[in-house]
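Here is how names work: the chains are called A, B, and so on, in the same order as the sequence lines, proteins then strands, and each is numbered from 1.
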Amino acid sequence: MPSGPSLPPKIDLAALDSAIESIPLHEDIFKFDPVSQVDTSPWPRAPAGDGSGSLVPSTPYSLMARAFTLISSTRSRLAITTLLTNLLRVIRAHDASSLLPAVYLVSNHIAPAYDGVELGLGGSILNKAILDVTGVSRARMKQLWNSTGDSGDVAFEARKGCKTLVQHVPLTVSKLYKTLQLIAGIKGQGSANAKLAHVTKLLVASRGEEIRFLVRTFVSHLRIQAVKTTIATALAMTFSLVDGTATESVEFSKSHYLITREDRKGLLATPTKQSERHSPARLTLMARLRLSERLMRQVRARHPNFSVIVPALQEVGLDGLSTRVPLSVGTPLSPMLGSITRSLQDMRAKFGERAFVSEFKYDGQRVQIHALFLPYAVSGKDGAAPDWAKRRREAVPAEKGRWVKCCNGDGEVWVRLFSRHLEDMTVKYPDICDLMPLLMGHGEATADASFLGALPTARPSEGDAATTASTSLLENPAASAAPPVKTRSLIMDAEVVAIGLQGEPLPFQTLANRSRKEVNIKDVKVKVGVFAFDLMYLDGKPLLKTSFRQRRKALQTRFPQFNPPDPLIARFAHVRSCESTDLDEISAFFEAAQASKCEGIMAKSLDHHWEAVEGSEVRCTTRAFHTGNMKAATGETEDGKAGEHLLEKLDDEVADELVLNTEEGEEDEEREQDAIGKGVNGRGKALLSTYEPDRRCESWLKVKRDYVEGMGDSLDLVPIGAWHGMGRKAAWWSPILLALYDPDTGGYQAVCKCISGFTDNEYKRIFAKFAEGSELCYDPRKREPMDEYELGGMSLPDVLFRPCEVWEVRGADITLSPVYHAALGLVSEERGLSMRFPRFIRRREDKSVENASTPEDLAVIYRAQ
DNA sequence: CTTGGCTGCCC
DNA sequence: ATTCTGC
DNA sequence: GCAGAATGGGCAGCCAAG
């Protein structure tokens, strides 16, 4: 119990529960009033943040638990969004300081990915905590795990029937968030116990449903059908709806986004009556909500940091948001992703007449490179400027990243590297950091011939790196032509690939062997090459809306491939690409990618286009079009009116871009000139080649061998065991352990687990056929396991199956495994083989278990890789 | 001082 | 990473 | 088609236990 001078006033828990219970969180967002419909008098109090010493309401965690419970009872996106929006509105209205913590709690995080904050709690520690707190037996725990498949549900069920003798102080959102941050900060010897102590304390303090969500929050797995987009939407709606509280900035008249109480009087966001749905007044407001939602998604995609976004919303609202939270060097944007495409023909067909390039998809690690040059001398002065330290601090968002001195003595380049999921990788790649000043023209060796080299593409070549480089230079003679232009700032997209002494690409597993906490560039054991493929920001200008053709051109001309003279520094090249749209040539390029150990290819649309929507007449006139540039979009047209027409036909996405982009600075003249599109006189649809953060787009298509039917390797495996599924798969077996059949011994060698590719019906069939305790399925802990199973270093499955089916399973490639013993001795004496990205394709009813794939079959595939 | 379990993060 | 499902 | 969920192989890093 807390003690000391500021003992909080005694809380009437019954009154609190009833006050929370009576909040109509499910109510239509236009009707719900977080001020008049919420009674905060029984809420716990905390000192106001303004230092006045006055006590203000502090959001009880039970409010969040209540919202989560309601959310869990539906699968309707609309209902979930409504609940979440109303929850955030209540918190915003009564306890604004808890809004950011609440948003983090909903999103399963406590900080942006790149801050490197980790809770370090997992199922194991939580199980311990639940045992401690509830006192249930281990057997009961296991039983609960098997039946619920959820840590929170286990905790909730385990505590049922436990008597809670002490009346606790209610847990608050703010307290929980602070504790999570505290837990994340605990390191070193004894940390496990220290974390456990905090967890246990909170579990003990929790009441009712709270424990379910508390535990899920500890394992960062809330499972409430709302992770990213739904939160962004709810946040946008929260700030669209003016609730008349003191903290709202009131500038209604000029806003694109705000909806006042007056505006929405008598209207419903989700009416049941058809007539109400189409009321013009309602449609106007819904359009505003959609605009806010799109704004929020865009801002979040360009600057995914709630610690920046939420305070910005609170201070400047939606209208000032995109200016206040822009794309910035030092903060990663969400990467653009490619859509899976099942064949080269499909890929070709999707682009139609549009120009595109194909690129090698290397098997490495994606990296987003941020770099900023800061000169020692400011203009007009020479020598180191006295305010260097201050300028340095001001130049970057925080004391993260790495400063690299330019060897020409001009200044320093600040570098920060991010992974695909936006983790900070700067310290992992000092060799890439050191590359940046040279790449940006701030080194002095740029005239050196050794700079002109390129990475060879899997061509074996004698001699050292320099010889190799000159060989591959022939592939791209243009590389030597470009003079180094000094670059101020950039954000670049690239793939990091492990390379051998000759610069040849090495497998992903080699790259994975690299240390992650690097201290010294001299200790780097796995050399890497950087294969660049996009440029999102250059010299202070975002290029997201620039066509890919121009981004690519800028990337290639400004940053020619080169091989730094210092062998410790990473090499730089562009991904190999092919501009032909001829299917045969693309096929040959795809084969070349395989030969170079690539995963496949990415095909990318080069230009912005307009295309007719079905049934409309299309007149194709070439003229300048560039999203984000009103003048170009409405510029020269055949009949002079078509420009306006075009604007009317813009789909929402583009309209939004236009609105947002007015704040992104002037257009680049060069870009404008090159902007190509098709005028459409009729209904039109935008097919853009913009960089779309956070989206899997049809303008980027990825083709891998294993997506293509009949192309990848597949195995015919025997299911020999399984575990109880979790979450939505709790009622079935998942994952399922698969094995090869060894005809020499009659044994079964486990090769991988499989979770993907099964339909729910297939799961049902499997669970019914291999029913627990039946002839075909037994508990290996209760009955001696059959000795023909070779499980390797695998932990024992919950159940073992009698071998009786054969399944076709496809994967990307075969890996040397530290765990499985499949084909042990055939390619390695120490390690067996396993499969990357295994997925169930179909049952082979035509095959008996004796006809399943053998260790030799697997070894053959491995050797052929 | 070594080993093995757990966690988070690459793909 | 891949895949399936409900909206 | 989007959004979310479940979970694959395998690595380094960290910590606890032996």
Asks: Answer yes or no: does a side-chain N or O of Q225(A) lie under 4.0 Å from OP1 or OP2 of dA3(D)?
Replies: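 Checking Q225(A) against dA3(D): no side-chain N or O falls below 4.0 Å of OP1 or OP2.
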Asks: So L738(A), base contact, sugar-phosphate only, or nothing? Heavy-atom distance under 4.0 Å.
Replies: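 It contacts nothing in the nucleic acid.
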Asks: Just to confirm, is there a sub-4.0 Å distance from OP1 or OP2 of dG9(D) to any side-chain nitrogen or oxygen of S817(A)?
Replies: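 False: S817(A) side-chain N/O out of range (4.0 Å or more) of dG9(D) OP1/OP2.
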Asks: From the set dG8(B), dA1(C), dT7(B), return the single nucleotide nearest to any side-chain atom of S124(A).
Replies: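 Output: dT7(B).
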Asks: Of the nucleotides dG9(D), dC11(B), dC11(D), which one has an atom closest to the side chain of T815(A)?
Replies: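 Within the option list, the nearest is dG9(D).
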Asks: So, taking the atom named CG in L738(A) and the one named CH2 in W807(A), what distance separates them when rounded to the nearest 0.5 Å?
Replies: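 These two atoms lie 6.0 Å from each other.
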Asks: Any side-chain N or O of T230(A) under 4.0 Å from OP1/OP2 of dG4(D)?
Replies: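 The answer is yes; a side-chain N or O of T230(A) sits under 4.0 Å from OP1 or OP2.
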Asks: For I80(A), which contact category applies under a 4.0 Å heavy-atom criterion: base, sugar-phosphate, or nothing?
Replies: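 The residue I80(A) makes no contact with any strand.
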Asks: Looking at dC11(B), I'd like to know if its phosphate oxygens (OP1 or OP2) sit under 4.0 Å from a side-chain N or O belonging to K361(A).
Replies: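 The answer is no; no side-chain N or O of K361(A) sits under 4.0 Å from OP1 or OP2.
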Asks: Is K729(A) close enough to dA6(D) that one of its side-chain N or O atoms is under 4.0 Å from OP1 or OP2 there?
Replies: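 False: K729(A) side-chain N/O out of range (4.0 Å or more) of dA6(D) OP1/OP2.
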Asks: For the side chain of R695(A), starting at C-beta, report the closest nucleotide among dC9(B), dC11(D), dC2(D).
Replies: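 The answer is dC2(D), which lies nearest to the side chain.
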Asks: Measure the distance from CD on E692(A) to P on dG1(D) and round it to the nearest whole Å.
Replies: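 For the pair E692(A) CD and dG1(D) P, the rounded distance is 16 Å.
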Asks: Within the structure shown, what part of the strands sits under 4.0 Å from A226(A) by heavy-atom distance: base, sugar-phosphate, or nothing?
Replies: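 Since only primed, P, OP1 and OP2 atoms lie under 4.0 Å of A226(A), the category is sugar-phosphate.
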Asks: Just so I know, are the side chains of D28(A) and T82(A) near enough to count as touching, which here means a heavy-atom distance under 4.5 Å?
Replies: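 No. Closest side-chain heavy atoms not under 4.5 Å.
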Asks: Which one of R728(A), R765(A), K729(A) satisfies the salt bridge (charged side-chain N to carboxylate O under 4.0 Å, His left out) criterion with D760(A)?
Replies: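 With D760(A) as partner, R728(A), R765(A), K729(A) yield a single salt bridge (charged side-chain N to carboxylate O under 4.0 Å, His left out), made by R728(A).
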Asks: Confirm from the modelled atom types if R366(A) and dC11(B) form a donor-acceptor pair under 3.5 Å, side chain to base only.
Replies: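 Answer no: no donor N or O sits under 3.5 Å from an acceptor.
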Asks: Are the aromatic rings of H724(A) and W733(A) close, with centres under 6.0 Å apart?
Replies: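 Judged by ring-centre distance (under 6.0 Å), H724(A) and W733(A) do meet the cut-off.
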Asks: Could you tell me the separation between the NZ atom of K517(A) and the C1' atom of dC10(B), rounded to a whole number of Å?
Replies: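 Rounding to the nearest Å, NZ of K517(A) and C1' of dC10(B) are 15 Å apart.
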Asks: Work out how far the P atom of dC11(B) is from that of dA6(D), and round it to whole angstrom.
Replies: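 That atom pair is separated by 22 Å.
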Asks: Tell me, please, whether F508(A) has R836(A) positioned over its six-membered ring: NZ or CZ under 6.0 Å from the ring centre and within 45 degrees of its axis?
Replies: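 Yes.
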Asks: Between R420(A) and dC9(B), does any side-chain N or O lie under 4.0 Å from OP1 or OP2?
Replies: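 The answer is no; no side-chain N or O of R420(A) sits under 4.0 Å from OP1 or OP2.
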Asks: Under 4.0 angstrom, heavy atoms only, what part of the nucleic acid is G364(A) near: base, sugar-phosphate, or nothing?
Replies: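 If one applies the 4.0 Å heavy-atom cut-off, G364(A) turns out to touch the sugar-phosphate alone, with no base involved.
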Asks: State which of dC10(B), dT7(D), dG8(B) makes the closest approach to the side chain of M726(A).
Replies: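 Of all the options, the side chain of M726(A) is nearest to dT7(D).
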Asks: Of the listed nucleotides (dC9(B), dG9(D), dA3(D)), which one gets closest to any side-chain atom of E118(A)?
Replies: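 Selected nucleotide: dC9(B).
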Asks: Contact class for R810(A) (heavy atom, under 4.0 Å): base, sugar-phosphate, or nothing?
Replies: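 It contacts nothing in the nucleic acid.
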Asks: Just to be sure I understand the rule, does L511(A) reach a base, reach only the sugar-phosphate, or reach nothing, if contact means heavy atoms closer than 4.0 Å?
Replies: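 No contact.
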Asks: Side-chain donor-acceptor pair under 3.5 Å between R297(A) and T229(A), yes or no?
Replies: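 Distance-only check fails for R297(A) and T229(A).
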Asks: For dA6(D), take OP1 and OP2 only and decide whether either is under 4.0 Å from a side-chain N or O of H221(A).
Replies: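 It does, given that an N or O in the side chain of H221(A) lies less than 4.0 Å from OP1 or OP2 of dA6(D).
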Asks: Please list, for nucleotides 5-7 of chain C, all pairs of protein and nucleotide N/O atoms separated by less than 3.5 Å.
Replies:
| from | atom 1 | to | atom 2 | distance (Å) |
| --- | --- | --- | --- | --- |
| dT5(C) | OP1 | D760(A) | N | 2.8 |

Asks: Any side-chain heavy atom of I369(A) within less than 4.5 Å of one from F418(A)?
Replies: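 Not touching, per the 4.5 Å side-chain cut-off.
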Asks: M425(A) has a side chain; which of dG9(D), dC10(B), dA3(D) sits nearest to it?
Replies: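 So the nucleotide nearest the side chain must be dC10(B).
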Asks: Of all the nucleotides listed (dT2(C), dT7(D), dC2(D)), which has the minimum atom distance to the side chain of R839(A)?
Replies: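 Nearest to the side-chain atoms of R839(A), counting from C-beta on, is dT2(C).
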Asks: Any donor-acceptor pair under 3.5 Å linking the side chain of S828(A) with the backbone of E830(A)?
Replies: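 Between the backbone of E830(A) and the side chain of S828(A) there is a qualifying donor-acceptor contact (under 3.5 Å).
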Asks: I want to know whether F767(A) and W732(A) have ring centres closer than 6.0 Å.
Replies: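 Distance test on ring centres: not under 6.0 Å, no.
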Asks: Expressed as a whole number of angstroms, how long is the span from Q865(A):CD to dG9(D):P?
Replies: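 For the pair Q865(A) CD and dG9(D) P, the rounded distance is 16 Å.
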Asks: Can you see if the side chain of S734(A) gets near the phosphate of dT7(D) - specifically, an N or O under 4.0 Å from OP1 or OP2?
Replies: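 S734(A) to dT7(D) OP1/OP2: side-chain N or O found under 4.0 Å.
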Asks: I want to confirm an ordering. Mapping A192(A) and E293(A) to their closest nucleotides on DNA chain D, which one lands closer to the 5' end?
Replies: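 That would be E293(A).
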Asks: Which is true for R216(A) with a 4.0 Å heavy-atom rule: it touches a base, it touches only sugar-phosphate, or it touches nothing?
Replies: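 R216(A): no heavy atom of the nucleic acid under 4.0 Å.
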Asks: Looking at every strand, decide which applies to Y763(A) at a 4.0 Å heavy-atom threshold: base, sugar-phosphate, or nothing.
Replies: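 Touches nothing.
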Asks: With respect to the side chain of R516(A), which nucleotide from dC11(B), dA5(D), dA12(D) is positioned closest?
Replies: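 In terms of side-chain proximity for R516(A), the closest of dC11(B), dA5(D), dA12(D) is dA12(D).
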Asks: With nearest nucleotide decided by heavy atoms, which residue, C752(A) or G727(A), maps closer to the 5′ end of DNA chain D?
Replies: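 The residue mapped nearer the 5' terminus is G727(A).
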Asks: Within the 4.0 Å heavy-atom criterion, would you say K128(A) contacts the bases, only the backbone, or no part of the nucleic acid?
Replies: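 Counting heavy atoms under 4.0 Å across all strands, no contact is made by K128(A).
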Asks: Measure the shortest side-chain to side-chain distance between P430(A) and V524(A) over non-hydrogen atoms and say whether it is less than 4.5 angstrom.
Replies: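 Sidechains of V524(A) and P430(A): in contact.
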Asks: With a non-hydrogen cut-off below 4.0 angstrom, is K704(A) in contact with a base, only sugar-phosphate, or nothing?
Replies: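 Answer is sugar-phosphate: K704(A) comes under 4.0 Å of backbone atoms only.
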